[in-house]
K.L.:
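Just passing along the structure, written as structure tokens.
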Amino acid sequence: MVRVRFAPSPTGYLHIGNARTALFNYLFARKNKGVFVLRIEDTDLDRSSDEFEKGILDDLRWLGLSWDEGPDIGGPYQPYRQIERLNLYREYATRLVSEGKAYQCWCTKEEIEERTKAKGYDNYCRNLTDEQIAKFKSEGRKPVLRFKVPEKDVVVNDIIRGIVRFESGSLNDFVIMKSNGVPTFHFAVVIDDFEMKITHVIRGEDHLSNTPKHILIFESFGQIPPQFAHMSMTLGPDRTRLSKRHGATSVRQYRENGFLSDAMFNYLALLGWSSKDNQEIFPREKLIQEFSIESCNKSNAIFDPAKLLWMNSQYMKIKPSSEIAKLSIPFLEKAGYEKSSIEKNMKTIERVIDLEKEKFKTLKDVPERISPFITEDITWNSGLSQKFKSPEATRILSDILVEIKEIEPFEKTVLEDMIRKFCEEKKVKTGEVFHLLRFALTGVTKGPGLFELMEILGKEVSIKRIEKFLVNKEY
RNA sequence: GCCCCCAUCGACUAGAGGCCCAGGUCACCACUCUUUCAAGGUGGUAGCGCCGGUUCGAUUCCGGCUGGGGGCGCCA
């Protein structure tokens, strides 16, 4: 049974890079009918917060990365928060000390630096005398626990990278328990991975160099290490690690900017992985079917918001209008529309979305396009109204208004017949009349086809708007 | 400083010795469709980092160089 995990530390919102790691784990688990575990690595007491944990869980849910075991739902290996597992780590640490595989270190950072000139720890405390220890104790020092690194080569057989060899001597004795009694990442991660029966560790390449440490700890407990797969990193446009400097880097920001979960899911999957047949747009199910960790690209990938945006526009088209309408509600509210007004106009909103959705790039585009249809008192863009307020324009509009008042039923085909006939009779260019009408009716120069637009507005509103536009002297 | 990983268009990638004077997607440019804004359609610009091997033949195999990324914390 395949068991994988995603183990974020709750020190910020879900980062794009982490989301990709989570996604690959998720895809691998689902593809292999395995288990996807969510574990919270909150051993950094200073930076972790419940707030961030909630946020990360929320973002993962939004992305559709559902987990089978986790802090909120429990599971056979709970608890899934490291802070709730401290006793476990302490027991294992004690065991290592009693077996002579770990030892107390009393050095301060300054002392180590002084001795080694920033070359890292020199295993100084491996063989201290009882007197030395007594002295440190009397000084009130609190020791850390260090792992006694054995002299041997460590070989990582990585699913993505193949065999990677680390020679003996490239590692100093490293800290496994901090002086506050909390384990370091390297220690907790290993204990949890074997305790939780993790079979495959899929994570970023930044951990490749740390893997020898982890393997050594596994071995010190007589555990067989899981399979490792180190994926490429996610970089910004300048080829450095994706960070705040590059603009929006959290899943949350994209979500708030009107991106669809499907698009993010699909785009991220294509960062470092690709299908045999060049397909770009994938339903989630197909992505799960086709995904394979072996075929992941080894080189780092630059996160490209432009392609994400394109992909989002593709999903805006695919999604049923009713769904887009529902997802748009928060964006309409943010644009200033009352909840009650949105609800009342839901049918209209859906109709307009149906006509306009192939133009949308994100959900943020919806309010602007909806506006002329649910705003009672529209205003006319004064910069553009100039050319639509010429004497001829006013005359044409007055003439056509007379005819519009006669139209029955007020449907697009009837409207089109009548307006085209009007143009012919008056010998005016259809395009000009269309533009003029559109502007008088909506106040803007974009929108759905004129006749669809009028049908949705309805006869009463259409007439009222044209009359108001004609009377209005301000423009 | 030491160690590790990587290297195809601007970006994401296909390519696993001849099928490649390198294919797809985004972006960009042009044309086209069109009652607006878009979308769509068609076409185009653009790439195997460098130097040595191996081979009848290298984008593909090997070595070096260069370049990029990462690790070496009482951060994860």
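Chain identifiers are assigned alphabetically (A, B, ...) following the order of the sequence lines, protein sequences preceding nucleic acid strands; residue numbering begins at 1 within each chain.
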K.L.:
Phosphate oxygens OP1/OP2 of B:G40: is one of them under 4.0 Å from a side-chain N or O of A:Lys317?
P.N.:
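Indeed, a polar side-chain atom of A:Lys317 lies that close.
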
K.L.:
What about A:Arg369, does its side chain sit under 3.5 Å from the base of B:C37 through a donor-acceptor pair?
P.N.:
yes

K.L.:
Please name the nucleotide paired to B:A7 by Watson-Crick or G-U wobble geometry with both distances under 3.5 Å, or report none.
P.N.:
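Checking every strand shown, B:A7 finds its partner in B:U66, with both distances under 3.5 Å.
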
K.L.:
Donor-acceptor pair under 3.5 Å: do we get one between A:Ser299's side chain and the base of B:C6?
P.N.:
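Per atom types, no contact qualifies.
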
K.L.:
Does A:His207 reach a base, just sugar-phosphate, or nothing at all? Heavy atoms under 4.0 Å.
P.N.:
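The residue A:His207 makes base contact.
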
K.L.:
Could you let me know what B:C56 is paired to, Watson-Crick or G-U wobble, both distances under 3.5 Å, or none if it's on its own?
P.N.:
B:G18

K.L.:
Which part of the nucleic acid, if any, lies within reach of A:Thr430 when heavy atoms closer than 4.0 Å are counted: base, sugar-phosphate only, or nothing?
P.N.:
nothing

K.L.:
Identify whether NZ of Lys or CZ of Arg in A:Arg39 sits under 6.0 Å from the centre of the six-membered ring of A:Phe6 and within 45° of that ring's axis.
P.N.:
no

K.L.:
Within the 3.5 Å criterion, strictly below it, is a donor on A:Asp192 or A:Tyr80 matched to an acceptor on the partner's side chain?
P.N.:
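No - no donor-acceptor pair under 3.5 Å links their side chains.
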
K.L.:
If you measure from NZ on A:Lys357 to CE on A:Met316, what distance do you get to the nearest 0.5 Å?
P.N.:
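Here the rounded value is 9.0 Å.
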
K.L.:
So what does A:Phe166 hit on the nucleic acid, given a heavy-atom distance under 4.0 Å: a base, only sugar-phosphate, or nothing?
P.N.:
sugar-phosphate

K.L.:
Mind checking A:Pro237 for me? I need base, sugar-phosphate or nothing, with any heavy atom below 4.0 Å counting as a touch.
P.N.:
nothing

K.L.:
Report yes if a side-chain nitrogen or oxygen of A:Arg241 is closer than 4.0 Å to either non-bridging phosphate oxygen (OP1 or OP2) of B:G71; otherwise report no.
P.N.:
yes

K.L.:
Just checking A:Arg239: base, sugar-phosphate only, or nothing, at a heavy-atom cut-off of under 4.0 Å?
P.N.:
sugar-phosphate

K.L.:
Which protein N or O atoms sit under 3.5 Å from an N or O of nucleotides 47-51 of chain B?
P.N.:
none

K.L.:
Given the ring of A:Phe36, does A:Arg5 sit roughly above its face, with NZ or CZ under 6.0 Å from the centre of the six-membered ring and within 45° of the axis?
P.N.:
no

K.L.:
Could you check whether A:Thr413 and A:Glu416, counting side-chain N and O atoms only, form a donor-acceptor pair closer than 3.5 Å?
P.N.:
no

K.L.:
Just checking A:Leu450: base, sugar-phosphate only, or nothing, at a heavy-atom cut-off of under 4.0 Å?
P.N.:
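Base contact.
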
K.L.:
Compare side-chain N and O positions of A:Lys213 against OP1 and OP2 of B:C4 and report whether any pair is under 4.0 Å apart.
P.N.:
no

K.L.:
How is A:Gly204 classified with respect to the nucleic acid when contacts are heavy atoms under 4.0 Å: base, sugar-phosphate, or nothing?
P.N.:
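It contacts nothing in the nucleic acid.
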
K.L.:
Remember a base hit wins even if backbone is also touched, and classify A:Thr43 as base, sugar-phosphate or nothing at under 4.0 Å, heavy atoms.
P.N.:
sugar-phosphate

K.L.:
Does the side chain of A:Lys364 pick up a donor-acceptor pair with the side chain of A:Asn257 at under 3.5 Å?
P.N.:
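Yes - a donor-acceptor pair under 3.5 Å links their side chains.
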
K.L.:
Between the base of B:C37 and the side chain of A:Lys359, is there a donor-acceptor distance below 3.5 Å?
P.N.:
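Side chain to base: pair found, below 3.5 Å.
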
K.L.:
Report yes if a side-chain nitrogen or oxygen of A:Ser232 is closer than 4.0 Å to either non-bridging phosphate oxygen (OP1 or OP2) of B:G69; otherwise report no.
P.N.:
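No, A:Ser232 has no side-chain N/O under 4.0 Å of OP1/OP2 on B:G69.
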
K.L.:
Does B:G43 have a Watson-Crick or wobble partner in any strand here, with both distances under 3.5 angstrom, and which is it?
P.N.:
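The base-pairing partner of B:G43, which may sit in any strand shown, is B:C29.
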
K.L.:
Would you say A:Arg203 and A:His230 are linked by a side-chain donor-acceptor pair, where the criterion is simply a distance under 3.5 Å?
P.N.:
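There is such a pair (donor and acceptor under 3.5 Å, judged by atom type) between the side chains of A:His230 and A:Arg203.
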
K.L.:
Does A:Arg284 make a cation-pi contact with A:Phe265, if we ask for NZ or CZ under 6.0 Å from the ring centre and within 45° of the axis?
P.N.:
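Cation-pi check for A:Arg284 and A:Phe265: passes.
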
